[in-house]
**Q** 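I have a structure I would like to understand better, so I am pasting it below and will then ask my questions one at a time.
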Amino acid sequence: MAPEASEDICEDHVLNGRKLSKKIRSEIRAEVEKLVEKHRISPKLLTVIVGEDPGSQMYVRMKTKASNKAGILSEHYDLPASTTQDELLALVDKLNNDPKVHGILIQLPLPNHIDEKTIIGAMTPLKDVDGFSPSNIHRLFYGGELLSSATPHGIVTMLDAVGLSDLTGKHVVIINRSTIVGKPLIMLLLNRNATVTVCHSRTKDLASFTKQADVLVTAIGRRKSKDDPYFITADMIKEGAVVIDVATPNGDVDFENVKMKARCLTPVPGGVGPMTITMLLRNVVDAYVAQVSGSK
Ligand code: GUN
């Protein structure tokens, strides 16, 4: 028999990201109401898409809709794929200096002729609600996160919700080394005392690592093969592990079989996805508070 899952946020061993998000978003909405009453200005998120990637359009729509529901104003710039790096830098400069804009989100990827690092580096760190800028990464390294990358932040918030805020003595295995997910997650986990192993596409014998994981975070994001689609199967999981499946649009995990063995497991959709958007809202409010109260 699988061990007991945490009650409430885990039901039948499913770690419900939608339910947790709903709770946190309603707390954020209440907080925003109070802040607007106090400061007499609404928090505002400015989103930018360059080009016409349908995935980007969908993600940004979801982000602005959730922001508006939480009382955060939004404005969106849809720029043509032909936009030059200098034109985008000029827009970032304008937004950096606009006191009505508290958060700037430039949806990635950008077209190849624009250097992402240059654009991210040009953003005022206090408005960088993705937490991608050098100064926010520096804060993360030193354990004083202010605005941290939304997906990793959502993952650790889910771990908090199942009683794993302190990861002392826990072995967390991450399968991903991207700048958006894997790398910032390493820091957040180390800051919570976890022992962290990072696996990726060049790792040999993935199962030998996953079998040791008290917490497994997987973000491979593709099918293994047509007949054998899941990279993460029940035989690769330690009994009672917490499994966080970050992969979209299809999970990496053989959900039904792993569920029988895991303490809890996030579904796709309805797990990490809603939490990522929720953490963006958290960042917009934190950025707003830092700006209206003048802290740095
Ligand atoms: N593209 C994919 N994920 C993200 C994200 O979290 N932020 C931004 N800005 N672009 C993305």
Side-chain angles (χ1 to χ4, degrees), residues 17 21 44-67 72 74-79 81 83 85 88-89 91-92 95-96 101-112 114-137 140 145-158 174 176-188 217-222 244-251 268-269 271-287:
S21 281
K44 181 169 171 182
L45 171 66
L46 198 304
T47 54
V48 181
I49 296 180
V50 186
E52 279 169 16
D53 180 58
S56 292
Q57 307 274 354
M58 183 189 71
Y59 287 128
V60 169
R61 253 198 318 274
M62 285 160 68
K63 290 170 184 179
T64 50
K65 195 171 157 205
S67 298
I72 296 167
S74 62
E75 191 180 338
H76 178 67
Y77 284 77
D78 246 330
L79 304 181
T83 303
Q85 180 161 306
L88 188 54
L89 282 172
L91 174 63
V92 169
L95 299 174
N96 282 345
V101 171
H102 305 98
I104 306 170
L105 186 145
I106 299 175
Q107 187 68 17
L108 305 177
L110 291 170
N112 287 338
I114 300 179
D115 180 46
E116 281 179 8
K117 267 203 307 206
T118 303
I119 300 300
I120 289 164
M123 256 188 265
T124 292
L126 271 189
K127 295 191 180 187
D128 162 35
V129 287
D130 272 316
F132 294 164
S133 71
S135 127
N136 284 321
I137 289 168
L140 182 62
E145 309 119 36
L146 173 66
L147 302 173
S148 64
S149 184
T151 301
H153 195 177
I155 293 167
V156 294
T157 304
M158 289 178 122
I174 307 170
N176 186 279
R177 56 170 162 175
S178 70
T179 44
I180 295 183
V181 180
K183 287 179 184 170
L185 183 59
I186 296 167
M187 290 301 145
L188 289 175
V217 180
T218 178
I220 299 171
R222 61 191 167 80
I244 309 282
D245 191 346
V246 189
T248 54
N250 307 300
V268 180
V272 177
M275 287 302 292
T276 295
I277 295 181
T278 301
M279 293 303 114
L280 170 69
L281 307 184
R282 180 71 266 155
N283 277 350
V284 175
V285 177
D286 290 346

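Order of listing sets the numbers, starting from 1, for every ligand and every atom in it. This structure is a prediction, so every number in the text was calculated from the model and none was measured. When reading the values below, keep in mind they use all heavy atoms of this one structure, side chains included, and skip hydrogens, waters and symmetry mates. We number each residue from 1, following the sequence as shown.
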**Q** Find all atoms of ligand 1 within a distance of less than 4.0 Å from any non-hydrogen atom belonging to Asp130, and give their numbers and elements.
**A** 5 (C), 6 (O), 7 (N), 8 (C), 9 (N)
**Q** Sub-3.5 Å donor-acceptor pair from the side chain of Gln85 to the main-chain atoms of Asp115, do we have one?
**A** yes
**Q** Starting from atom 1 (N) of ligand 1, locate the nearest protein heavy atom and write down its residue, its atom name and how far away it is, to 0.1 Å.
**A** Leu108 O, 2.9 Å
**Q** Looking only at atom types and distance, does a side-chain atom of Asp128 sit under 3.5 Å from a main-chain N or O of Ser133, one as donor and one as acceptor?
**A** yes
**Q** Among protein heavy atoms, which sits nearest to atom 3 (N) of ligand 1, and what does the distance come to when rounded to 0.1 Å?
**A** Ile180 CD1, 4.1 Å
**Q** What atoms in ligand 1 come closer than 4.0 Å to a heavy atom of Ile106?
**A** 8 (C), 9 (N)
**Q** In terms of residue, atom name and distance, what is the protein heavy atom nearest to atom 11 (C) of ligand 1?
**A** Gln107 NE2, 3.4 Å
**Q** How many angstroms lie between atom CD of Gln57 and atom CG of Asp78, to the nearest 0.5 angstrom?
**A** 5.0 Å
**Q** If you compare all heavy atoms of Ala287 against all heavy atoms of Leu147, which two are closest, and at what distance to 0.1 Å?
**A** N-CD2, 4.0 Å
**Q** Got Thr248 and Tyr59 here, is their nearest side-chain heavy-atom distance under 4.5 Å?
**A** yes
**Q** Taking the side chain from Asn136 and the backbone from Glu145, do they hold a donor-acceptor pair closer than 3.5 Å?
**A** no
**Q** Does ligand 1 have any atom that is closer than 4.0 Å to a heavy atom of Tyr59?
**A** no
**Q** N/O of Leu105 under 3.5 Å from N/O of ligand 1, yes or no?
**A** no
